[in-house]
Amino acid sequence: LGHERSGDPLRLLDVGLGFQTMVLRDRLPGAEIDSVGLPVPRFLDHGVRHVSFDLNDAYEEDRRPDIGGYHLAIAAEVLEHLYTAPATILRCLAGWLESGGFAVVQTPNAVALHKRLRMLAGRVPFGPVPEDRSDPAHWREYTAGELAAAARAAGLELADLDAANYFGGPGGRARLYAALGRALPRGMRHGLTLTLRKPR
């Protein structure tokens with residue numbers, strides 16, 4: 001990143017206040033870390049500036065918070081909880097990055113192997129749309145191709161796209177699925193991680 005050459009502190013934006021924000025704060029003590037998204041009371045006032053914003057409103061440019069100049073933005077397990085198009089969310093995120101800045105986006109793969117098997121068995125692989133907006137379940141999951149297209153539409157360059165079976169617990173089935181994932185075609189693995197770059 002450019003800040004490493006200039007000596008400026010890393011400016012990081014965590015999209016979605018949560019446990020991850022606290023981990024980033026603890027692991028990167030020299031960084032300036034902000035978060036944006038819905039306020040989560042138990043994580044407020046923990047040494048990270050939080051900007052309250054419903055990301056579903058990103059389609060209205062005048063409602064987007066006036067923040068920016070970030071070297072890095074992280075949106076881990078966020079897109080699938082939003083009903084606004086991913087290109088719109090990524091365009092908003094790009095506006096908060098400095099030129100040459102990076103965004104890391106992590107989300108479940110909509111067509112992972114276990115979801116395909118559930119569909120073959122006649123079962124819907126996704127949960128129901130929630131009736132309560134305060135409990136945002138998965139509205140929509142995406143494929144690697146869809147996310148890459150959304151990034152291009154948002155004016156971001158795809159620096160890397162990785163797919164891996166990193167979800168699941170410590171049990172034997174989870175370990176077996178993780179091991180199987182290494183042999184599966186990338187498009188069938190459970191999770192997707194995109195590294196995106198804002199052009200200079």
Side-chain angles (χ1 to χ4, degrees), residues 14-21 23 35-38 40 53-60 73-94 102-197:
D14 190 22
V15 182
L17 180 64
F19 286 110
Q20 171 182 286
T21 316
V23 172
S35 66
V36 65
L38 298 177
V40 182
F53 176 59
D54 185 340
L55 288 153
N56 287 303
D57 293 333
Y59 65 92
E60 295 187 39
I74 298 174
E77 317 310 321
V78 172
L79 290 182
E80 68 273 15
H81 295 280
L82 303 172
Y83 51 79
T84 298
T88 300
I89 301 298
L90 294 178
R91 197 172 292 116
C92 178
L93 203 59
F102 287 85
V104 176
V105 177
Q106 201 170 35
T107 187
N109 180 4
V111 292
L113 176 63
H114 68 285
K115 295 170 188 172
R116 298 182 191 212
L117 293 175
R118 285 181 191 165
M119 291 187 76
L120 284 172
R123 294 163 48 203
V124 176
F126 310 108
V129 173
E131 294 186 36
D132 182 359
R133 282 189 64 189
S134 67
D135 180 22
H138 290 200
W139 289 90
R140 170 75 150 82
E141 294 181 4
Y142 302 94
T143 67
E146 288 177 314
L147 293 172
R152 287 192 297 272
L156 294 166
E157 299 170 351
L158 181 61
D160 187 57
L161 196 163
D162 188 31
N165 285 1
Y166 48 72
F167 293 107
R173 288 177 60 186
R175 286 195 301 271
L176 177 62
Y177 189 57
L180 180 62
R182 290 189 284 273
L184 288 172
R186 185 172 72 173
M188 292 189 180
R189 296 175 190 165
H190 197 167
L192 302 171
T193 303
L194 289 80
T195 303
L196 308 171
R197 182 177 181 274

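The basis for the numbers below is simple: all heavy atoms, side chains too, and nothing from hydrogens, waters or symmetry mates. Computed from a prediction, not measured in an experiment: that's the story for all the values here.
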Is there a side-chain contact between [X] and [Y] (heavy atoms, below 4.5 Å)?
| X | Y | value |
| --- | --- | --- |
| Lys115 | Glu141 | yes |
| Val105 | Thr193 | no |
| His138 | His81 | yes |
| Val124 | Arg118 | no |
| Thr107 | Val78 | no |

Rounded to the nearest 0.5 Å, how far does [atom2] of [Y] lie from [atom1] of [X]?
| X | Y | atom1 | atom2 | answer |
| --- | --- | --- | --- | --- |
| His114 | Asn109 | NE2 | CG | 9.0 Å |
| Thr84 | Leu90 | OG1 | CG | 12.0 Å |
| Arg152 | Leu196 | CZ | CG | 11.0 Å |
| Thr21 | Asp14 | OG1 | CG | 3.5 Å |
| Leu82 | Arg140 | CG | CZ | 13.0 Å |
| Leu158 | Asp160 | CG | CG | 7.0 Å |

With distance as the sole test, does [X] use its side chain to make a donor-acceptor pair with the main-chain N or O of [Y] at under 3.5 Å?
| X | Y | answer |
| --- | --- | --- |
| Arg189 | Asn165 | no |
| Glu146 | Thr143 | yes |
| Arg186 | Ala144 | no |
| Arg91 | Ala153 | yes |

request  = Could you walk me through whether Asp54 and Leu38 pass the side-chain contact (heavy atoms from CB on, under 4.5 Å) test, one step at a time?
outcome  = CA-CA 6 Å; Asp54 185 340; Leu38 298 177; 4.0 Å; yes
task = Decide side-chain contact (heavy atoms from CB on, under 4.5 Å) for Leu79 and Leu147; before the verdict, give the C-alpha distance in whole Å, the side-chain angles of both, and the deciding distance to 0.1 Å.
result = CA-CA 10 Å; Leu79 290 182; Leu147 293 172; 3.8 Å; yes
I need the minimum non-hydrogen distance between [X] and [Y], along with the two atoms involved.
| X | Y | result |
| --- | --- | --- |
| Leu192 | Pro108 | CD1-O, 4.4 Å |
| Tyr142 | Pro86 | OH-CD, 3.5 Å |
| Ala87 | Ala154 | O-CB, 3.7 Å |
| Ala110 | Phe126 | O-CZ, 3.6 Å |

message = side-chain contact (heavy atoms from CB on, under 4.5 Å) for Leu194 and Val104? Distances and angles first, verdict last.
response = CA-CA 6 Å; Leu194 289 80; Val104 176; over 6 Å; no
